[in-house]
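The sequence lines fix the lettering, A, B, ..., with proteins before strands; numbering per chain opens at 1. For the numbers below, each heavy atom of this structure counts, side chains included, while hydrogens, waters and symmetry mates do not. Remember, predicted model here, so these are calculated numbers, not experimental data.
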Protein chains: 2
Amino acid sequence: MSYEDNIKKVTPYVPGEQPAGDVIKLNTNESPFPPSMHVAMAIASIDYDSLRLYPDPDATVLVQAIADYYKVDEEQVFVGVGSDDVLAMAFQTFFNSDKPILFPDTTYSFYKVWAALYDIPYEEIPLKDDFTIDTLDYQKENGGVIFANPNAPTGVELPLNEVEEIIKANPDSVVIVDEAYIDFGNASALSLVDKYENLLVVRTFSKSRALAGMRVGYAIGSAKLIKALKDVKFSTNSYTLNLAAIRAGVAALGDDEYFDTIVSQIKDTREDTRRKLEQMGFECLKSSTNFLFVKHGDVPAKDIFEKLREKDIYVRYFDLPRIDEYLRITIGNNEQMNSLMLALEEIVGN
Amino acid sequence: MSYEDNIKKVTPYVPGEQPAGDVIKLNTNESPFPPSMHVAMAIASIDYDSLRLYPDPDATVLVQAIADYYKVDEEQVFVGVGSDDVLAMAFQTFFNSDKPILFPDTTYSFYKVWAALYDIPYEEIPLKDDFTIDTLDYQKENGGVIFANPNAPTGVELPLNEVEEIIKANPDSVVIVDEAYIDFGNASALSLVDKYENLLVVRTFSKSRALAGMRVGYAIGSAKLIKALKDVKFSTNSYTLNLAAIRAGVAALGDDEYFDTIVSQIKDTREDTRRKLEQMGFECLKSSTNFLFVKHGDVPAKDIFEKLREKDIYVRYFDLPRIDEYLRITIGNNEQMNSLMLALEEIVGN
């Protein structure tokens, strides 16, 4: 018996590459635009003397700002170090049944990793052939439900009435809707949090708020769910969000005009890119996100991925069943998209 | 059966108060001095555009800086969101035996909370009457060992040869030495990490580096232990340290002169304060930290605590067996200590 026998064995999630240097980075769904200038000002105005003190463990100003923005009570808001922190804690807090939790077979691959980490039984429910969810699949006994809406890496959004169908069918389970990309889509489940006590909606500042570098995520749900999340958070680490993250989050939320501008721009570029890709022989799933999930009629995705990489253009390729013929391409700015198009024309062109 | 039956029930740790406004805050062992000016410059020079990108998930520059500073390999360094994040992950990673882990009955109260959170059996070993550790108590079968050195809230340091005795006696357990306060003490167990593969030393930037507000902690140990910690970290949240925290940590580590100055100043003030308190009828444990653990011969600790609070002076009182007659007083700057002395003279004086 050695100490090594008692070490937790896990297979970690592998994040997208973070290449350094002058590359075109379309592989981790970051924003091509900087965060709001309000964020720059908030960080520049930090009194560095105050860094000697612990941050507010409740991140009260950020919780208040989120509550005000979405017109919910402060008791309905939980904040964490990016939505991954929030989701990991939600798995740990809510998924303690002997029955399997349910999630789609093609989705954010961290769900499986968290289930393994916390010894949660799970069942992967196949998406339909068109990568949409069949809501009937989620109406059986389970220990919890989680799905991303819009889904990743497909970009496909489930209409709100179908989201509600799943929540309604599972009053005895916590249903987590992971809305990392919803600002680029249509209808958020936030409108349902006051109606269903078992609903938790998880969001992030990393995508539409262009703040991946500061690590700010949050959840909105019933006061009961939020209280339970806070108990686990305060059993893990009292002070998770540092002062800079708290200030940056508040600042980003305070600049709606800029937010609307960059989100619209990304959506416009997405649709423009989709049309061009289709002309080049790509098939594109309908996207409600800041990325496109595409496959080419003739050239294998893996080849395209590798040839783009040689040209210092990074997109995401998943060597996984069902999706190994697809590429996930983050929507960048016009210049990045033009470079991508030129490169793709060379790779798939005649 | 309701969803509530599957919610994790825990009793969270209660951090020290974070009162706002113009108070004298000697209750959470923060530094009375600001962090290094290098930190201010590092934060001011963050290119806010870069915040749209995810931070380096490995926090490579910070890991390198710590490795260089302590002359260990990069593979021996793990970083997290304060030492609480590192410790929580270490509990989760290393303490998976059916046998109880061992820690002192009077120590950092988060140990019990983490044990409960991760369902780890534990045994609290009574400290001796003088609040020192009896190393023989840690030479029995166990699932792991953790102790703070110097200990909190007592401030008492175990000599390095006795620390080594415990590590040596437990080759089949991971032994965690929590050195949050060691920079104010004498001998770190870091000198032993190359000798004992089962040793993990955990440290923080929150105390001696005056950086509580940025949340930076780290662990140093054998490459095997660090690899296991990283696997759990990358199964929880890919990006824990934000860009500001990474930069601030590197900057703080690069200003040794300032570090030496503020640590010496705090140690001098500590000894000066101790002498004055003893003259006032307080009994003070010998401290190797940035706080004093004291009790008065006549006036109950709780009364002193409450009367100080009325004067807007916050110290820490623990209503716990064995230590409910003590106060933990953080060492502040000269002005804060003078105000404390005047207040105490009024409270305990004749």
Go through the atoms of [X] and report whether side chain, backbone, both or neither lie under 4.5 Å from a heavy atom of chain B.
X	result
A:T11	backbone
A:L229	neither
A:K9	neither
A:S109	neither
A:E4	side chain
A:P57	side chain
A:A40	both
A:K233	neither
A:T93	both
A:M89	neither
A:D85	both

Side chains of A:D231 and B:I7 in contact at under 4.5 Å (non-hydrogen atoms):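 Side chain of A:D231 against side chain of B:I7, heavy atoms only: no contact under 4.5 Å found.
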What is the ring orientation for [X] with [Y], classed by angle as parallel under 30°, tilted 30 to 60°, or perpendicular over 60°?
X	Y	value
A:Y54	A:Y239	parallel
B:F91	B:F95	perpendicular
B:F110	B:Y108	perpendicular

Could you go through B:Y258 and B:M37, starting from their C-alpha distance and side-chain angles, then the distance that decides it, and tell me whether this counts as side chain to side chain contact (heavy atoms under 4.5 Å, CB included)? CA-CA 9 Å; B:Y258 180 72; B:M37 272 299 293; over 6 Å; no
Taking NZ in A:K8 as the centre, count heavy atoms belonging to other residues, nucleotides or ligands within less than 6.0 Å. Is the count above 12?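 Enclosed.
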Please check if atom NZ in B:K168 has more than 12 non-hydrogen atoms from other residues, nucleotides or ligands closer than 6.0 Å.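 Incorrect, the count does not exceed 12.
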Can a donor-acceptor pair be found between the side chains of A:T204 and A:K207 at a distance below 3.5 Å?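 Side chains of A:T204 and A:K207: no pair found under 3.5 Å.
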